[in-house]
Amino acid sequence: MMQMAVRSLAGKVVVITGGGRGIGAATARMLVADGARVAIGDVDGELAARTAGELGGQALGLPLDVTDHGGYTAFLDQVERELGPIDVLINNAGIMPLANLDEESDESSARIIAINLAAVVHGTREAILRMKPRGTGHIVNIASMAGKLGVPGGATYCATKHGVVGLSEAVHLELRGTGVDISCVMP
């Protein structure tokens with residue numbers, strides 16, 4: 001088994017969507033402890049700012065609705081103005097409302113797809129556009145074990161996570177030789 005070299009995160013600019021609570025906030029905490037400059041984006045802007053404030057160091061918390069693609073792009077622009085070029089983007093924002101498909105409303109399905117898949121596609125594209133010209137960077141897409149199997153009561157959620165896995169696998173191949181890497185994490 002080939003072992004990858006451990007890279008230092010000291011001074012690196014890392015963006016985490018959905019970073020106000022849960023996995024995102026825990027990840028931000030660990031990154032700040034490793035010396036990274038972390039930008040937390042969350043639909044709850046006050047929570048993002050509060051979480052960043054609790055982390056100390058060079059943490060920034062800003063409002064971010066990942067379903068507003070123009071706003072997502074503007075958020076990344078602001079992060080780069082305040083912290084510098086983005087070294088790592090972690091597409092973490094996601095929702096998991098559960099219902100059998102025949103009981104799930106069209107509105108709920110659309111919202112799950114918008115947050116869990118369309119926003120990840122947009123964020124990944126934006127990261128590539130920023131990182132590829134510099135020949136460096138890393139994108140981390142948070143999927144789920146539901147991205148590899150079906151779970152009753154979570155058909156739309158599973159579909160979006162399967163999409164994130166497929167997106168990440170395809171982009172991995174597209175990025176060969178560019179210096180930009182992509183990972184897909186499946187908690």
Hydrophobic clusters here meaning ILVMFWY residues chained together by side-chain heavy-atom distances under 4.5 Å, can you tell me if Val15 and Val120 are in one?
yes
Run the numbers on Val32 and Asp34 for side-chain contact (heavy atoms from CB on, under 4.5 Å), then give the verdict.
CA-CA 5 Å; Val32 167; Asp34 285 343; over 6 Å; no
Any non-hydrogen side-chain atom of Asn116 less than 4.5 Å from a side-chain atom of Lys161?
yes
Interatomic distance, CD1@Ile139 vs CD@Glu126, rounded to 0.5 Å, equals 10.5 Å
Give the minimum heavy-atom separation between Gly19 and Asn92, together with the two atoms involved.
N-ND2, 4.4 Å
Rounded to the nearest 0.5 Å, the CD1 atom of Ile182 sits from the CE atom of Met131 at a distance of 9.5 Å
How close do Ala48 and Asp42 get, counting heavy atoms only, and between which atoms?
CB-CB, 3.8 Å
Show the numbers, then the answer: is there a side-chain contact (heavy atoms from CB on, under 4.5 Å) between Leu62 and Gln78?
CA-CA 9 Å; Leu62 299 169; Gln78 183 176 354; 3.5 Å; yes
So CD1 of Ile23 and CD1 of Ile16: to nearest 0.5 Å the spacing works out to 11.0 Å
Any side-chain heavy atom of Val66 within less than 4.5 Å of one from Phe75?
no
Side-chain (Asn100) to main-chain (Glu103) donor-acceptor, under 3.5 angstrom
no
Going through the checks in order, is the side-chain contact (heavy atoms from CB on, under 4.5 Å) test met by Ile142 and Asn91?
CA-CA 6 Å; Ile142 307 299; Asn91 280 307; over 6 Å; no
Hydrophobic cluster identity match, Val121 and Leu76, side-chain contacts under 4.5 Å:
yes
Verify, without hydrogens or angle tests, whether Ser108 (side chain) and Ser105 (backbone) share a donor-acceptor contact under 3.5 angstrom.
no
So OG of Ser109 and CG of Leu101: to nearest 0.5 Å the spacing works out to 6.0 Å
Give the minimum heavy-atom separation between Leu31 and Val14, together with the two atoms involved.
CD1-CG1, 3.5 Å
Measuring from atom CD1 of Ile40 to atom CD1 of Ile90, what distance do you get when rounded to the nearest 0.5 angstrom?
10.5 Å
Check whether any side-chain heavy atom of Ile128 lies under 4.5 Å from a side-chain heavy atom of Val171, and answer yes or no.
yes
Side chain Glu82, main chain Leu60, donor-acceptor under 3.5 Å:
no
Does one hydrophobic cluster hold both Ile112 and Leu167, with members joined at side-chain heavy-atom distances below 4.5 Å?
yes
Are Glu169 and Lys148 within salt-bridge range, i.e. N to O under 4.0 Å?
yes
Shortest non-hydrogen pair, Leu98 vs Gly154, comes out as CD2-CA, 3.9 Å
Hey, is Asp77 close enough to Arg130 for a salt bridge, meaning N to O under 4.0 Å?
yes
Looking at Met186 and Ala143, what are the two nearest heavy atoms and their distance?
CG-CB, 3.9 Å
Between the main-chain N or O of Val13 and the side-chain N or O of Arg37, is there a donor-acceptor pair closer than 3.5 Å?
no
Using distance alone, with no hydrogens and no angle criterion, decide if His122 and Thr73 have a side-chain donor and acceptor under 3.5 Å apart.
yes
Atom CE of residue position Met96 - does it have more than 12 heavy atoms of other residues, nucleotides or ligands inside 6.0 Å?
no
Tell me the closest heavy-atom pair linking Arg21 and Asp44, and the distance in Å.
NH2-OD2, 4.0 Å
Less than 4.5 Å apart, side chain to side chain, heavy atoms only: is that true for Asp181 and Leu175?
no
Quick check: does any side chain N or O of Thr17 sit under 3.5 Å from a backbone N or O of Ala93, one acting as donor and the other as acceptor?
yes
Quick one: pull up CD in Glu174 and NZ in Lys132 and give me the separation to the nearest 0.5 Å.
8.0 Å
Would a hydrophobic clustering, with Ile, Leu, Val, Met, Phe, Trp and Tyr connected at side-chain separations under 4.5 Å, put Val140 with Leu89?
no
Ser168 and Asn141: side chain to side chain donor-acceptor pair (under 3.5 Å), yes or no, with the steps?
CA-CA 7 Å; Ser168 301; Asn141 290 333; 3.1 Å; yes
Do Ile115 and Val151 sit in one hydrophobic cluster, given that two such residues count as connected whenever their side-chain heavy atoms are within less than 4.5 Å of each other, even indirectly?
no
For His138 and Val180, what are the C-alpha separation, side-chain angles and deciding distance, and is it a side-chain contact (heavy atoms from CB on, under 4.5 Å)?
CA-CA 6 Å; His138 200 112; Val180 180; over 6 Å; no
Taking atom CD as the centre, does Glu54 end up with more than 12 heavy-atom neighbours from other residues, nucleotides or ligands that are less than 6.0 angstrom away?
yes
With the side chain counted from C-beta on, respond yes when Ser144 and Tyr157 share a heavy-atom pair under 4.5 Å apart, and no when they do not.
yes
